[in-house]
Amino acid sequence: MILTTLRQQTICLLVEELYEKNADDFRQMSSAQIVVKTLLDNPSSVRSKFQAKQLHAQIIKHEKNNPIHLTAVLSIYSNFELLHESLNLFNILHSRSSLAWKSIIRCYTSHGLSLLSVSSFIQMRVSGIYPDHNVFPSVLKSCTLLKSLRLGESIHGCIIRLGLDFDLYTGNALMNMYSKLEDLHRNCETRIQPATVSDEIPQRKLGNVCRTNLSSTSTSYDVAHEFERRMAGISPTVSLNPTISHKTQYVGEIVDQFGGISRGEMPSREASKVFQSSMNKVFEMMPTRDLVSWNTVIAGNAQNGMYEEALTMVRDMGNANLKPDSFTVSSVLPIFAEYADIGKGREIHGYAIRHSFDSDLYLGSSMIDIYAKCTRVDAAYRLFCLLSYRDSVSWNSMIAGCVQNGLFDDGLRLFREMLAAKVQPGYVSFSSIIPACAYLTTLHLGKQLHAQILRCGLDKNAFVASSLVDMYAKCGYIKIARCIFDEMELRDMVSWTAMIMGYALHGHAHDALSLFQKMKIEGVKPNYVAFVAILTACSHAGLVDEAQDYFDKMVHDYGISPGLEHYAAVADLLGRVGRLKEAYDFISSMPAPTGSVWSTLLAGCRVHKNIEMAEKVAEQLFKVDPENMGAYVLLSNIYSGAKRWRDAAKVRIAMKNKGMKKKPACSWIEMKKKVHAFVAGDKSHPDYDRINDALEVLLEQMEREGYVPDTSEVLHDVEEELKRSLLSSHSERLAIGFGLISTPPGTTIRVTKNIRVCTDCHTAVKFISKIVGREIIVRDNSRFHHFRDGKCSCGDYW
DNA sequence: CTAGGGTTAG
């Protein structure tokens, strides 16, 4: 008995119910036929793929391949996203009904086969079948996936001509298409070519709309209408369906209505205000709107930077008696994340809890992000732990949250945990984690990640490539950084900035300047950070005039108001070249000078041994930042350098009284995929004795060549002899010593230090580089020092 | 037919 084979209680009930109603009709039928008819009349009652196949089998057995029944099965297969089964059926159908086409198109779309979906739609039109409102959502989704606005516009034209633009689902799909594609295309000067449609399909090409007749403020919506007008002039391969001609008339009125709004009749000054996205136009025209309509238009506005509009619409939703759901909320949360508005974030979190969708994965990822952006990594991590299921986005949010808050080791640990959880890292994962390697100078990890990126084929992604450029530059491999930069297909402003900053850090100012020029020639507009990079490059190379020029251009030509970093770079530069008075006046002209800006000038005073200016600067500095320890150290060094021991001592006593302790200096070096870290006077390393022996031999030779230890920066009040031994046990020297004994002659040594290199070590390393005939690269907290043949790339100013 | 995460910073 088939009923028992199908084994579905609800179906039995349905059959019984129908049997009651149509008892006469059913009397002639076999029980198998009854079941088949019941299921075909109620396709949604088929609950599993297995049942669908059983039904198919029964039809073959009892109905002799009745095409209507087979089409119904095809539709059911397509509901279950069974592509192969659907295709097999579709291919044996000789005459394909509207339902058959709709089913196969939907199936292609659900499998991401967008091109096949769209070309089937065209074939369907060619074969004389009229599309109905069920087919457009799928076709439009495919246009969206193909990123082809033109195709979407053409389809929209079709929809208008068939009078289907008032359909709810079609309208929703249209808004989604426009929200994803219109902004994308507006930002491109040349519109992306429409996807080429497979050659096998012999029909006119869609998407050949020429925009020359349209004003610059016309939108895709207008183009769709224009397309329809043109189509009306071309003899169509398919004759118009007479039942919908009155609708076409009506559409004509709407075309004119829109034409009036956006055909450039308003003054061009108002163009940006007048411009209304096609998405919003569709939304306004919709006769009925459901929750999905609101969510789509809110998300669209939020993603296109129209924050006010998006938030207003959330309020308007309430007037339409619709409650924000998890979709609404996770569309607007990124707005508050951008403003790091933890208050609004908590409010929404509370709303989600009250409406019991707080365990939603999308909401969870957004909440992790917003807590992390408000530096509440602990709260973010608690939320992350509470998620019952974690996808790549929730992992990425958590990893990025750690890295952006300086928790690099935690970020790396989570990245490994993600891999262990069998979640594939994508380009977002890599661009989130690579900065951790850049900050930590852990090149071996960076290289492993780079290898994985190449294996996944993600190396062309601009975000990933930019982070790699930065990572290699920060690990001292400026040439590799440049290679990756040159290999990039699309360079955005961030890629250029990363490369320029790389050159700046390495003191290659002229490379930085020429790149900045090239960037502008290629039409990439520099932003705040790009100017930080170029000013830093000038500052590290003493290019005063160029820096002042860039500073002025930034303010006047680009309308960027200078920030702390810009002031600091220029002040640093003026100080560096000895124009201390100018620097002083420049900083005084700032809206609110900070301790860090003043202390760059203090460093300039140290280099140029100007004590009066140093005291003036220090006075200003301690007014705004009395706890700036670096400034105390600098000032004390300045006094010591001028042999004003008494004043130097006073400063040190003041530091002591304030309970200030120097940040422990630490240097590290990578050796055979392992990081070896050293602090001053550190004897814990297993090779300590060998390192010490090597450094002693070197010290003797250095002194023969004229090295005199500069003990003026030793803050401890101890005997001169002890001071000298303290100097030679500084962390960078231990790390360099370890590098020398662990690598073959001639190998470049790369060391990273967490604070500024001291004056004496800087001199010492210059001697060492000459004696051992090696390049020694030291990265301190602000830049790279390339020591080679007794000289340093920083020109002794840092 | 609708939603979340990413690169540059004296």
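By convention in this document, chain letters (A, B, ...) are assigned in the order of the sequence lines, proteins followed by strands, and residues within each chain are numbered from 1.
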Taking the inter-plane angle between the rings of A/Phe485 and A/Trp496 on a 0 to 90° scale, is it parallel (under 30°), tilted (30 to 60°) or perpendicular (over 60°)? perpendicular
So, for A/Leu543 and A/Ala509, which heavy atoms are closest and what is the spacing to 0.1 Å? CD1-CB, 3.9 Å
Separation of B/dT2 atom P from A/Leu140 atom CG, nearest Å, is 10 Å
Hey, does A/Ala533 reach any base, or is it just sugar-phosphate, or nothing, if we go heavy atoms under 4.0 Å? nothing
Could you state the OH-C1' distance from A/Tyr362 to B/dT2, rounded to the nearest angstrom? 10 Å
Would you kindly check whether a donor in the side chain of A/Ser432 faces an acceptor in the base of B/dG6, or vice versa, at under 3.5 angstrom? no
Is the distance between the ring centroids of A/Phe551 and A/Phe531 under 6.0 Å? no
Taking the side chain as everything from C-beta on, heavy atoms only, tell me whether A/Val297 gets closer than 4.5 Å to A/Met279. yes
Considering just the side-chain nitrogens and oxygens of A/Lys180, establish if one lies under 4.0 Å of OP1 or OP2 belonging to B/dC1. no
Across the strands shown, which category fits A/Tyr427 at heavy-atom distances under 4.0 angstrom: base, sugar-phosphate, nothing? base
Step through it carefully: locate the ring centre of A/Phe430, locate the ring centre of A/Phe463, and say whether they are under 6.0 Å apart. no
Less than 4.5 Å apart, side chain to side chain, heavy atoms only: is that true for A/Phe408 and A/Thr442? no
With a non-hydrogen cut-off below 4.0 angstrom, is A/Val529 in contact with a base, only sugar-phosphate, or nothing? base
Side-chain (A/Thr170) to main-chain (A/Phe166) donor-acceptor, under 3.5 angstrom: no
Give A/Ser392 one of three labels, base, sugar-phosphate or nothing, depending on what nucleic acid heavy atoms sit under 4.0 Å from its own. base
Within less than 4.0 Å of OP1 or OP2 of B/dT2, is there a side-chain N or O belonging to A/Asn176? yes
The side chain of A/Tyr169 lies closest to which of these nucleotides: B/dC1, B/dA9, B/dT8? B/dC1
Looking at B/dC1, B/dG10, B/dG6, which one has an atom nearest to any side-chain atom of A/Ala173? B/dC1
Using only side-chain N and O atoms of A/Lys373, determine if any of them is under 4.0 Å from OP1 or OP2 of B/dG4. no
Spacing of A/Arg576 atom CZ relative to B/dG10 atom P, expressed in whole Å: 16 Å
Protein-nucleotide distance (A/Lys141, atom NZ; B/dT2, atom P), rounded to Å: 5 Å
Is A/Leu361 touching bases, backbone alone, or none of the nucleic acid, heavy atoms closer than 4.0 Å? base
What is the distance, to the nearest angstrom, from the OH atom on A/Tyr550 to the C1' atom on B/dG10? 17 Å
If you take atom types as modelled and just measure distance, does the side chain of A/Asp360 reach the base of B/dG4 with a donor-acceptor pair under 3.5 Å? no
Any donor-acceptor N/O pair under 3.5 Å between B/dT7 base and A/Ser467 side chain: no
Remember a base hit wins even if backbone is also touched, and classify A/Ser330 as base, sugar-phosphate or nothing at under 4.0 Å, heavy atoms. base
Considering only heavy side-chain atoms of A/Ala498, the closest of B/dC1, B/dT8, B/dG6 is B/dT8
Using only heavy-atom distances, decide whether a donor-acceptor pair under 3.5 angstrom links the side-chain of A/Ser331 to the base of B/dA3. no
What is the distance, to the nearest angstrom, from the CG atom on A/Asp167 to the P atom on B/dC1? 12 Å
Where the side chain of A/Ala569 is defined as all heavy atoms beyond and including C-beta, which of B/dA3, B/dC1, B/dG10 is the nearest nucleotide? B/dG10
If you compare every side-chain N and O of A/Lys474 against the phosphate oxygens of B/dT7 (OP1, OP2), does one of them come in below 4.0 Å? no
Scan A/Asn781 against the nucleic acid and name what it touches under 4.0 Å (heavy atoms): base, sugar-phosphate only, or nothing. base
Under 4.0 Å, counting only non-hydrogen atoms across every strand here, what does A/Ser366 touch: a base, just sugar-phosphate, or nothing? sugar-phosphate
Which nucleotide, B/dG4, B/dT8, B/dC1, lies nearest any side-chain atom of A/Thr497? B/dT8
Rounded distance in Å - CD1 (A/Ile484) to C1' (B/dT8): 15 Å
If I take atom CG in residue A/Leu164 and atom P in nucleotide B/dC1, what distance separates them, rounded to the nearest angstrom? 17 Å
Between A/Tyr439 and A/Phe463, which residue's closest nucleotide on DNA chain B lies nearer the 5′ terminus? A/Phe463
Which part of the nucleic acid, if any, lies within reach of A/Thr536 when heavy atoms closer than 4.0 Å are counted: base, sugar-phosphate only, or nothing? sugar-phosphate
Heavy atoms under 4.0 Å, any strand shown: does A/Asp369 hit a base, just sugar-phosphate, or nothing? sugar-phosphate
